[in-house]
Enquirer: 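Have a look at this one before I ask anything.
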Number of protein chains: 2
Amino acid sequence: MPDDLTIVRRGPINVAAEMNAGLCVKCEARHVGLCDALGDDDLHFLAGVARRASAARGQIFITEGDPAKQFFNINHGTAKLYKDLPDGRRQIIGFVSTGDFVGLAAEKIFGFTAEALEPIQYCRFDRTELRGVFGRFPIIERRLLDVASHELVIAQEQMLLLGRKTALERVATFLDGWRSRATACAAPNAAPNAALDLPMSRSELADYLGITIETVSRALATLRKQGVVSIGSDHRIAILKPARLAAISQAAE
Amino acid sequence: MPDDLTIVRRGPINVAAEMNAGLCVKCEARHVGLCDALGDDDLHFLAGVARRASAARGQIFITEGDPAKQFFNINHGTAKLYKDLPDGRRQIIGFVSTGDFVGLAAEKIFGFTAEALEPIQYCRFDRTELRGVFGRFPIIERRLLDVASHELVIAQEQMLLLGRKTALERVATFLDGWRSRATACAAPNAAPNAALDLPMSRSELADYLGITIETVSRALATLRKQGVVSIGSDHRIAILKPARLAAISQAAE
DNA sequence: CGGCTATTTGAGTCTAGTCAAAGCCTGTGG
DNA sequence: CCACAGGCTTTGACTAGACTCAAATAGCCG
């Protein structure tokens with residue numbers, strides 16, 4: 001887990017802050033998630049406790065059961081968070097992308113594993129140091145509470161999906177959600193019906209939706225036959241009938 | 001939704017605070033959850049923005065889709081939180097009891113409905129007013145963040161259950177979890193293997209575990225035949241082999 | 001182009017769901 | 001105190017949606 005920066009901390013925060021000064025301001029995630037809460041000037045203090053790092057595809061940067069000494073903020077790329085049962089069954093509890101904060105849902109130890117789906121860049125924060133920042137910028141704590149609340153809402157939606165939706169509804173719900181996520185991040189002038197880029201495999205989709213890869217494949221085939229989606233290569237899917245997709249996902253009609 | 005206290009607020013917080021003065025200090029939930037974060041003196045400020053209320057069995061006190069203008073804290077009793085699909089399928093996303101805080105997982109509107117399983121008492125907080133309290137007692141905000149983090153961990157465990165566990169494992173996991181919840185709340189001298197009191201019906205259990213009432217019943221019958229539990233009346237279950245129950249719930253062996 | 005892996009499709013099985021009936025508590029009223 | 005009505009729970013028989021195993025196909029990368 002190599003850091004791009006190796007910083008030996010000897011003095012108070014400002015030593016590191018100077019070295020990191022421009023990093024946060026120029027960060028790709030500057031205006032999403034946590035970092036958007038601070039002004040450019042204040043951001044320097046956050047930079048002081050941030051450690052930039054990257055991970056290759058397939059690399060694990062949080063391991064379930066390890067002491068939860070850090071928080072993470074994704075600057076670029078997508079990762080999966082998952083929990084395993086002893087016999088190998090796996091549940092992916094979420095995908096995190098640019099701007100997402102990881103590690104809130106942890107007590108003494110991490111309750112999940114995090115693995116990069118593609119090459120990613122992220123910031124690592126020492127929990128103790130970040131608590132110090134809280135004192136100076138209460139707005140960060142406020143923002144973290146908002147982030148946690150939002151994640152709870154997402155988690156509750158996912159419980160409804162996993163507990164009560166059919167395979168077809170699950171796949172439709174995922175595609176609809178991923179579509180809105182993509183359009184929210186896209187440039188305003190982007191084509192509304194452009195093909196989605198799915199960084200995850202069918203296997204990962206299955207582990208996220210609580211079904212098998214074969215069932216994912218069959219559900220996608222059904223949606224394709226109904227003209228709801230068009231499947232280019234395996235990781236590119238275009239939504240042809242967004243309204244129909246949303247209707248299926250909400251079990252309407 | 002009748003309030004036990006009808007308070008007309010004319011001046012600043014201290015007017016209500018005086019009327020509520022003893023309420024929080026004597027509250028059954030005084031030393032659990034949110035309220036335990038404050039000292040007796042500081043608690044008066046919290047009392048100033050709290051409205052006590054009660055709900056009868058079956059009464060709904062939060063409706064999915066309504067504007068989320070309040071937070072709630074359960075002082076006594078148990079309630080279920082659930083989400084419905086248009087065709088009637090229901091997913092219970094959690095049970096809340098004495099000391100639990102409700103309403104963090106809400107953005108503009110509530111994403112779930114809350115209904116009392118038995119007669120309950122609770123405190124209602126105006127979100128705007130509580131935000132004011134945050135400024136004075138940052139520790140409350142810190143505590144709320146802890147609460148939200150813990151709920152996220154619980155939610156992630158439940159996602160694993162709903163996505164990947166068998167019916168038997170789900171029921172075992174629930175019983176094991178309810179047991180530890182009960183022993184955590186019980187007096188230290190309580191019998192360790194006393195029968196559990198389950199305030200929810202088989203139907204509610206099924207909606208929580210993502211299965212049907214028949215499947216719940218069959219799973220309980222299996223556990224009974226294996227000597228793991230003993231079922232008294234429908235709402236009283238004794239755990240005879242806690243270790244075996246835990247093993248089944250974790251899919252170990 | 002060829003090998004490798006991921007995905008799709010097919011056939012059969014199984015877990016859990018559905019429908020139905022019987023049993024059992026609970027609470028009420030005579 | 002007991003009988004009875006009603007709802008909740010259990011059990012049984014059958015069905016269905018998703019899983020497993022297996023084979024064919026399609027992308028992807030060198």
Side-chain angles (χ1 to χ4, degrees), chain A residues 57-58 80 85 87-91 117-119 161-175 195-226 229-237 248 251, chain B residues 56-58 80 85 87-91 117-119 161-175 195 197-226 229-237 248 251:
Chain A
R57 171 184 166 82
K80 61 179 171 184
L85 287 173
D87 63 0
R89 280 173 283 172
R90 171 169 297 181
Q91 181 63 40
L117 284 187
E118 50 191 356
L161 180 147
L162 293 170
R164 290 305 185 202
K165 288 188 179 177
T166 66
L168 186 66
E169 288 162 0
R170 293 179 197 212
V171 172
T173 302
F174 171 79
L175 290 176
L196 293 179
D197 180 47
L198 303 181
M200 67 290 292
S201 68
R202 296 288 186 272
S203 169
E204 288 157 340
L205 217 34
D207 284 338
Y208 180 59
L209 299 176
I211 52 183
T212 61
I213 54 175
E214 293 94 334
T215 301
V216 170
S217 185
R218 282 185 246 268
L220 284 173
T222 301
L223 290 174
R224 179 172 43 75
K225 286 170 191 160
Q226 292 183 1
V229 304
S230 158
I231 300 174
S233 72
D234 289 343
H235 295 270
R236 291 196 74 80
I237 295 184
I248 295 172
Chain B
R57 172 184 164 81
K80 61 180 172 185
L85 287 173
D87 63 0
R89 280 173 284 173
R90 172 169 296 180
Q91 181 64 40
L117 284 187
E118 51 191 357
L161 179 149
L162 293 170
R164 289 306 184 202
K165 288 188 180 178
T166 67
L168 186 65
E169 289 162 358
R170 293 180 197 212
V171 172
T173 302
F174 171 78
L175 290 177
D197 180 48
L198 303 181
M200 68 290 291
S201 68
R202 296 289 185 270
S203 170
E204 287 158 340
L205 217 33
D207 285 338
Y208 181 58
L209 299 176
I211 51 182
T212 61
I213 52 175
E214 294 92 334
T215 301
V216 170
S217 186
R218 283 186 246 267
L220 284 173
T222 300
L223 291 174
R224 179 169 45 74
K225 285 169 192 160
Q226 291 183 1
V229 303
S230 159
I231 300 173
S233 72
D234 290 343
H235 295 271
R236 291 195 75 78
I237 295 183
I248 295 173

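Just so it is clear, the structure is predicted and the values come from calculations on it, not from any experiment. Each chain gets a letter, A, B and so on, in the order the sequences are listed, and its residues count up from 1. Side chains are part of it too, since the values below use all heavy atoms of this structure and drop only hydrogens, waters and symmetry mates.
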Enquirer: Who pairs with S201(B) by side-chain hydrogen bond (donor to acceptor under 3.5 Å, both in side chains), at least two apart in sequence or on another chain?
Expert: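 Once residues adjacent in sequence are excluded, the partners of S201(B) under the side-chain hydrogen bond (donor to acceptor under 3.5 Å, both in side chains) criterion are E204(B).
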Enquirer: May I ask you to decide if S230(B)'s main-chain N or O and R224(B)'s side chain share a donor-acceptor pair within less than 3.5 Å?
Expert: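 Such a contact is absent between R224(B) side chain and S230(B) backbone.
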Enquirer: Would you check if Q91(A) and D207(A) make a side-chain contact, meaning some heavy-atom pair closer than 4.5 Å?
Expert: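 No, their side chains stay 4.5 Å or more apart.
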Enquirer: Report the residues that fulfil side chain to side chain contact (heavy atoms under 4.5 Å, CB included) with R236(A), sequence neighbours left out, ordered by chain and then residue number.
Expert: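 A195(A), D197(A), S233(A).
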Enquirer: Using five base pairs at each end to define the local axes, how bent is the helix from dC1(C)-dG30(D) to dG30(C)-dC1(D), to the nearest 10°?
Expert: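 That helix gives 40° between its end axes.
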Enquirer: Using a 3.5 Å cut-off and no angle test, enumerate the donor-acceptor pairs between side-chain atoms of residues 208-221 of chain B and protein atoms at least two apart in sequence or in another chain.
Expert:
unit_1, atom_1, unit_2, atom_2, d
T212(B), OG1, T215(B), N, 3.3
T212(B), OG1, T215(B), OG1, 3.0

Enquirer: Going by the rule side-chain hydrogen bond (donor to acceptor under 3.5 Å, both in side chains), which residues pair with R202(A) if we only count those two or more places apart in sequence or in a different chain?
Expert: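 By the side-chain hydrogen bond (donor to acceptor under 3.5 Å, both in side chains) rule, R202(A) matches no residue at all.
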Enquirer: With a 4.0 angstrom cut-off to heavy atoms of chain A, pull out the first and last contacting nucleotide of DNA chain C, in 5'-to-3' order.
Expert: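 Footprint of chain A along DNA chain C, 5' to 3': dT7(C) to dA11(C).
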Enquirer: With Q226(B), which residues qualify under side-chain hydrogen bond (donor to acceptor under 3.5 Å, both in side chains), at least two apart?
Expert: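 If we apply the side-chain hydrogen bond (donor to acceptor under 3.5 Å, both in side chains) test to Q226(B), skipping adjacent residues, there are no hits.
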Enquirer: Is R89(B) reaching over with its side chain to a backbone N or O of R164(A), donor-acceptor style, under 3.5 angstrom?
Expert: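 Yes.
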Enquirer: Measure the distance from CG on D207(B) to P on dT9(D) and round it to the nearest whole Å.
Expert: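 From D207(B) CG to dT9(D) P: 12 Å.
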Enquirer: State the CG-CG distance between D234(A) and L198(A), to the nearest 0.5 angstrom.
Expert: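 So the CG of D234(A) and the CG of L198(A) are separated by 10.0 Å.
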Enquirer: Does R224(B) reach a base, just sugar-phosphate, or nothing at all? Heavy atoms under 4.0 Å.
Expert: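 R224(B): backbone/sugar contact only, no base atoms under 4.0 Å.
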Enquirer: Base, backbone or nothing for each nucleotide of nucleotides 12-30 of chain D, written B, S, -, heavy atoms under 4.0 angstrom, 5' to 3'?
Expert: BB----SSBB------S--
Enquirer: For L162(B) and R170(B), work out which heavy atoms get closest and say how close.
Expert: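 Heavy atoms of L162(B) and R170(B) come nearest at O-NH2, 3.1 Å.
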